[in-house]
Structures are given as structure tokens and as C-alpha cells.
Number of protein chains: 2
Amino acid sequence: MKDLPLFAQHFILHWGEMGTKWGINRTVAQIHALLFISDHPLHAEEICDQLGVARSNVSNSLKELQNWGIVKVVHLPGDRRDHFESIQDVYELFRIIAAERKKREIDPTLVRLRACANEVGATDNPADAHAKEKLESLLSFFELVSDFYTKMDRLPTKSAIQAIRMGDKIAKSIGAFMK
Amino acid sequence: MKDLPLFAQHFILHWGEMGTKWGINRTVAQIHALLFISDHPLHAEEICDQLGVARSNVSNSLKELQNWGIVKVVHLPGDRRDHFESIQDVYELFRIIAAERKKREIDPTLVRLRACANEVGATDNPADAHAKEKLESLLSFFELVSDFYTKMDRLPTKSAIQAIRMGDKIAKSIGAFMK
DNA sequence: CGAATATTTCTGTCTTTACAGAAATATAGA
DNA sequence: TCTATATTTCTGTAAAGACAGAAATATTCG
């Protein structure tokens with residue numbers, strides 16, 4: 001890590017810590033940070049040297065990043081080694097991460113909540129009335145979030161960003177309209 | 001856990017697994033799930049029995065949930081024991097979670113990115129030009145997200161939900177407007 | 001104040017995850 | 001095909017996190 005400029009070290013370390021708070025392996029996040037700020041694709045050995053982690057660790061972490069779809073393999077002419085580069089566009093990056101998290105976490109939760117709602121609906125025990133209502137409201141919320149995601153994901157980046165920028169004005173006008 | 005109806009068991013177990021994927025302790029998430037679907041506040045001993053975890057574990061997990069602000073202590077007349085209840089409104093629940101995550105994760109990242117941007121700005125080494133640009137675009141993105149959060153958080157729940165519901169129409173109209 | 005009960009903190013164990021180094025496998029060019 | 005190089009998988013160890021049970025502390029009521 002000593003070879004890297006100080007600001008890069010700070011960024012990579014912070015990104016690694018952030019990762020752990022979001023259930024992402026520290027090394028995985030650090031490698032991503034390194035690739036993200038790099039102006040050219042790196043091969044595994046370079047990543048080892050820069051971050052001071054074992055070759056195997058880098059190999060597995062890179063596979064993980066490729067599974068997430070935020071790092072790609074590229075080949076350089078006259079070089080047999082795999083080189084790796086991160087998605088460079090920030091919005092695209094988070095769009096992919098959001099899509100992946102939805103697929104892995106929101107969607108299975110929807111399935112589970114629907115199954116639970118079925119189970120509780122079948123028993124129809126009055127003692128479960130409150131729990132039933134709670135699960136249903138939770139399900140509604142996740143469906144709302146899921147639908148919103150789908151809508152936003154269909155939009156081109158520029159429109160989506162614009163919508164985010166104008167979030168308050170839009171929501172305010174809706175609020176006024178509803179009164 | 002055997003005392004609980006099957007759907008409740010399934011929900012609690014799933015919620016626990018979800019938690020781990022988001023960097024939240026499994027037991028913490030399970031206790032929250034239990035309190036969320038419960039129609040009355042529970043005391044620590046009841047939580048132990050229902051989930052089959054140690055008293056100390058429950059104690060620490062409850063403290064964690066209180067730190068997040070999604071579980072509150074209540075006292076029942078004629079009972080010395082602390083009783084605990086979860087925020088019951090789903091939107092309010094996720095509003096609080098979002099606020100807390102922003103405070104713990106987005107805000108420190110903003111601070112860090114600004115510091116990095118400063119550091120790289122000071123050196124002004126042409127070799128760092130690309131990294132500088134990357135960090136700046138990342139910073140812009142986080143500032144956008146942060147601002148959006150602040151705007152949305154100021155809105156009453158109903159308006160916010162309405163804005164989410166109408167997300168696609170709004171964004172589409174912006175998109176058309178921009179062309 | 002003292003006993004009973006409730007709660008937190010401490011300590012050690014167990015489980016899981018992270019990770020290095022070695023071994024095995026795969027790949028490309030000679 | 002053989003050799004050099006790249007990559008992945010395997011294996012053991014180390015570190016971190018989760019958690020139970022015990023001990024300590026605090027609280028309430030008689």
C-alpha cells in the first residue's frame with residue numbers, strides 16, 4: 001500500500017471499512033476501490049503488491065466482484081495475464097449494485113413474506129390477527145419498494161438523476177395536491 | 001421458538017438471515033422481528049424463551065435495537081420488568097433505519113471523500129489526475145444522495161409514499177421535458 | 001435495610017469468516 | 001508436446017464475532 005499516494009490509501013481503507021458495514025468483505029471492497037480509481041486495468045499480482053494481500057485472496061475477491069458485475073476482465077495485447085477494471089461510471093456502478101441487492105435480498109424477502117401471509121391466512125386464528133396485519137403491511141412496503149425500483153431502473157441515467165435532483169419539488173407538489 | 005406459530009418462526013428466521021446480509025447481527029434482527037409482529041410489549045425473559053437465546057445476548061441485542069431507535073422500553077402497571085416494543089409503522093421504521101445508516105455511513109463517507117479530494121488537490125500531480133476525477137464524481141454522487149435524503153426526510157409520510165408511487169410518471173415527464 | 005427480582009457486565013468458549021501459503025490445475029507460446 | 005507462467009482450489013491457521021453462563025450491579029418492595 002506504501003506505493004500509493006496518501007489520498008488513495010485513505011480512500012481504499014475507508015471504502016474497505018464501509019464494505020464491512022454493508023456485509024461486504026473488507027478485501028473485496030478495497031480491491032474494488034483500487035480498481036475504481038486506477039486509470040488502467042490491473043492484473044492480480046499488481047493488486048497483491050498494492051494492497052499487500054495474498055494472491056489467493058485477490059483471486060477469490062476478484063471472482064466475487066465479477067459475480068456482482070462491477071469488475072470485468074480485460075486482456076492487453078502481448079500480455080497473457082488477466083487484467084481487471086471496475087465499472088467507471090458512478091451511477092452505473094450503483095445501479096448495478098442496487099439491482100444485485102434487490103435480486104439477492106428484496107426478491108427473496110418478497111417470496112418469504114408472501115409465503116408467511118399465506119400460512120397465517122390459512123390458520124385464521126384470531127390470536128394471529130395482529131401478526132397477520134403486520135406481515136401484510138411489511139409485504140406492501142416491500143412491494144412498493146420493488147415496484148419503484150423497477151420503474152426507476154427502466155429510466156435512462158439522466159432522467160433518473162434529474163428525478164432525484166427534483167425529488168423535493170415533486171414530492172411537495174404532490175403533497176399540496178393531496179390536501 | 002416452538003411456541004410460536006409456524007409463519008412467525010419462518011418470518012423471524014428469514015429476518016435474521018436478511019440482517020446478516022446487511023451487516024446486522026442475526027439475533028438482533030430476530031428479536032426485532034419478534035417484537036415487530038408481537039401485539040404487546042415483551043420482557044427480556046419472554047424473548048429468551050421464544051427465541052431460545054441467552055439472557056445476556058438478549059440484553060445486548062435490545063440495547064443495540066434501542067441505539068438504532070427502533071425499539072423502545074415501556075413499563076406495564078404492576079410489573080417491575082422492562083418491556084420492549086418495536087416501532088410498529090413500517091414507513092416510520094424504515095425512515096429511522098435510513099436516517100441512522102445515513103448518519104453512520106453516508107455522512108462519514110462524505111467527510112472522507114472531501115478530505116481525499118483536498119489531499120489530491122494539494123499534490124496536483126498529473127499522474128493523479130484520473131484518480132482525482134474519480135473521487136470527485138464519487139463525492140458528487142454521495143452529495144446528491146445525501147441531499148435527496150434530506151429533502152425526502154422533511155416530507156410527511158403520505159407525500160413521500162405518494163412520490164414513490166408516482167416515481168415512474170414523474171421521471172418520465174422529466175425525461176420528456178429534457179429532450 | 002434486607003430480600004427478591006431484574007438487568008448488565010464480564011469471561012471463556014464456540015463458530016464463522018478471513019486469509020496466507022502450498023498444491024493443483026489450466027493456458028499459451030516455444 | 002513441453003515448459004513457463006497464470007490462475008484457481010485446497011488446507012490449515014489466525015482473527016473476529018457471536019453467544020452462553022456466571023458474576024456483579026442495580027432496583028424495587030416489604
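Here is the naming used below: chain letters follow the sequence lines, and residue numbers restart at 1 for every chain. Because the structure is predicted, anything quoted here is derived from the model rather than measured.
The nearest whole Å value for the distance from the NE2 atom in A/H43 to the P atom in C/dA28 is 17 Å. Straight-line distance from the CD atom of A/E17 to the P atom of C/dA18: 13 Å, rounded to whole Å. We find that CG of A/D79 is positioned 13 Å from P of D/dT5, with the value rounded to whole Å. Protein atom CD of B/E46 is 12 Å distant from nucleotide atom P of C/dA6, rounded to whole Å. Between B/I47 atom CD1 and C/dA6 atom C1' the separation is 14 Å, expressed in whole Å. Between B/H75 atom NE2 and C/dA6 atom P the separation is 12 Å, expressed in whole Å. Taking atom CZ of B/R81 as the reference point, atom P of C/dA4 lies 17 Å away to the nearest angstrom.
The stretch residues 49-67 of chain B touches DNA chain D through B/G52, B/V53, B/A54, B/S56, B/N57, each having a heavy atom under 4.0 angstrom from the strand.
Clustering of Ile, Leu, Val, Met, Phe, Trp and Tyr side chains at separations under 4.5 Å places A/V74 together with A/L76.
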Which pairs would a plain distance check flag for residues 45-55 of chain B, meaning a side-chain donor or acceptor within less than 3.5 Å of a matching protein atom at least two apart in sequence or in another chain?
unit_1 : atom_1 : unit_2 : atom_2 : d
B/E46  : OE1    : B/H43  : N      : 3.0
B/E46  : OE1    : B/H43  : ND1    : 3.0

Donor-acceptor list for residues 146-155 of chain A side chains, cut-off 3.5 Å, not counting sequence neighbours:
unit_1 : atom_1 : unit_2 : atom_2 : d
A/T150 : OG1    : A/S146 : O      : 3.0
A/K151 : NZ     : B/R165 : O      : 2.8

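B/L6 has its side chain within reach of B/Q9: a pair of non-hydrogen atoms, C-beta onward, lies under 4.5 Å apart. Using a 4.5 Å heavy-atom threshold, the side chains of B/F94 and A/L138 count as touching. Between B/I37 and A/H130 the shortest side-chain heavy-atom distance does not fall below 4.5 Å.
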All N/O pairs under 3.5 Å across the protein-nucleotides 15-17 of chain C interface:
none

Distances for protein N or O near nucleotides 1-3 of chain D N or O, under 3.5 Å:
none

Within the sub-3.5 Å range, which N or O atoms of nucleotides 26-30 of chain D have a protein N or O partner, and how far apart are they?
unit_1 : atom_1 : unit_2 : atom_2 : d
D/dT27 : O2     : B/R80  : NH2    : 3.0

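Considering only residues two or more places apart in sequence or on other chains, A/E105 meets the side-chain contact (heavy atoms from CB on, under 4.5 Å) condition with A/R101, B/M18, B/K21, B/W22. Residues forming a ring-ring contact (aromatic ring centres under 6.0 Å, His included) with B/F36 (at least two apart in sequence, or on another chain): none.
Note on residues 125-144 of chain A: pairs passing salt bridge (Lys or Arg N to Asp or Glu O under 4.0 Å), not counting sequence neighbours, are A/R114-A/E143. For the salt bridge (Lys or Arg N to Asp or Glu O under 4.0 Å) condition, no pair includes a residue of residues 6-15 of chain B, sequence neighbours left out. Among residue pairs with one or both ends in residues 67-80 of chain A, those qualifying as side-chain hydrogen bond (donor to acceptor under 3.5 Å, both in side chains) are A/E64-A/W68, A/H75-A/D82, A/D79-A/R81; sequence neighbours excluded.
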Q: Please test A/L144 against B/Y91 for side-chain contact (heavy atoms from CB on, under 4.5 Å), starting from the C-alpha separation and ending with a verdict.
A: CA-CA 11 Å; A/L144 178 66; B/Y91 301 100; 4.0 Å; yes
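B/S38 contributes no side-chain N or O that, together with a main-chain N or O of B/L34, makes up a donor-acceptor pair within less than 3.5 Å.
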